[in-house]
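Structure first, commentary second.
Numbering of ligands and ligand atoms starts at 1, following listing order. Residues take their numbers from the sequence shown, with the count starting at 1.
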Amino acid sequence: MRKPMIAGNWKLHKTLQEASDLISGLIPNVADNRNVEIVVAPVYTSLGKVAEAISGSNIKLAAQNCYPEPQGAFTGEVSPLLLKDVGCQYVIIGHSERRQLFGESNKLINSKAHALADVGLGIIFCIGETLEERETEQTFDVLRRQVRLGLKNLREDQMKSLVVAYEPVWAIGTGKTASDEQAQEAHAFIRALLTELYDKETAKATRILYGGSVKPGNVDSLMSQPDVDGALVGGASLKADDFARIVNFQAQDS
Ligand code: PEP
């Protein structure tokens with residue numbers, strides 16, 4: 001019942017020309033895939049160009065961030081409405097790079113979630129523990145806090161357009177992937193938490209993506225885990241062939 005989502009986070013990579021080349025390399029390689037919701041998140045400056053390129057295809061557009069205010073004296077920021085206007089259907093919030101490098105708090109992330117829900121944009125809500133937090137057995141406390149505060153006062157009906165991305169910080173861009181068991185354990189915990197905070201139906205319907213060094217070589221077994229509903233992919237989304245292989249994953253019988 002949960003349609004898998006594979007989302008590519010291009011981070012701060014690709015000029016306009018490079019973004020065009022990447023998306024035109026990707027479109028034909030995933031065109032036949034109707035079983036997966038495919039999303040790409042280019043940098044702000046490439047959104048318009050990629051939106052044009054994917055028009056009529058099975059690929060959707062996401063932004064990597066937003067500011068929670070609709071307009072005003074907020075130099076350098078971009079609002080949810082402007083992202084919708086350029087063709088985005090999703091926005092990534094709470095990415096660990098934003099939390100760590102730009103000091104984003106759970107409170108700010110929560111205000112972004114509300115601003116996005118208010119304009120009807122889909123949300124890819126990232127959470128995850130650092131290596132130190134994992135090693136000191138704080139993983140579940142951290143995930144609980146991030147989910148409770150990040151989703152505060154978000155209604156059940158608004159949860160329908162929200163996807164959770166579990167991204168252990170120690171696995172992002174490091175080449176170290178969580179084991180299938182570690183991913184499944186965290187995802188099952190998050191789903192149980194959603195049952196507590198909402199209800200069983202919401203928890204069952206909410207997709208939980210795994211992110212952290214997902215590659216063509218590990219996607220199949222990760223996607224075989226019962227609570228892994230997709231992937232948020234950084235590095236491997238920058239190569240059309242690699243990303244296409246991830247989109248066209250083959251879940252294995254476990
Ligand atoms: C990410 O940026 O969300 C990510 C998971 O990156 P990578 O796949 O490169 O680890």
Check your understanding: Can you list every side-chain hydrogen bond (donor to acceptor under 3.5 Å, both in side chains) pair that touches residues 161-170, not counting sequence neighbours?
Key -> His95-Glu167, Glu129-Tyr166, Glu129-Trp170, Arg134-Tyr166
Exercise for review: Working to the nearest 0.5 Å, report the span between CG of Leu26 and CG of Asp241.
Suggested key: 9.5 Å
Practice item. Taking side chain to side chain contact (heavy atoms under 4.5 Å, CB included) as the test, write out the residues that go with Glu135, two or more places apart. Key: Leu131
Exercise for review: Please round to the nearest 0.5 Å and tell me the distance separating atom NE2 of His13 and atom OG of Ser237.
Suggested key: 8.5 Å
Review point. Taking C-beta and beyond as the side chain, do Glu18 and Trp10 meet within less than 4.5 Å on heavy atoms?
Key: no
Practice item. Not counting sequence neighbours, which residues clear side-chain hydrogen bond (donor to acceptor under 3.5 Å, both in side chains) with Asp199? List them please. Key: Thr202
For a distance cut-off of 3.5 Å, show me each N or O of ligand 1 paired with any protein N or O, plus the separation.
unit_1   : atom_1 : unit_2 : atom_2 : d
ligand 1 : 2 (O)  : Asn9   : ND2    : 3.3
ligand 1 : 2 (O)  : Lys11  : NZ     : 2.8
ligand 1 : 2 (O)  : His95  : NE2    : 3.0
ligand 1 : 3 (O)  : His95  : NE2    : 2.9
ligand 1 : 3 (O)  : Glu167 : OE1    : 3.1
ligand 1 : 3 (O)  : Glu167 : OE2    : 2.7
ligand 1 : 6 (O)  : Lys11  : NZ     : 3.4
ligand 1 : 6 (O)  : Gly234 : N      : 3.4
ligand 1 : 8 (O)  : Ser213 : N      : 3.4
ligand 1 : 8 (O)  : Gly234 : N      : 2.8
ligand 1 : 9 (O)  : Gly235 : N      : 2.8
ligand 1 : 10 (O) : Gly173 : N      : 2.6
ligand 1 : 10 (O) : Ser213 : N      : 2.8

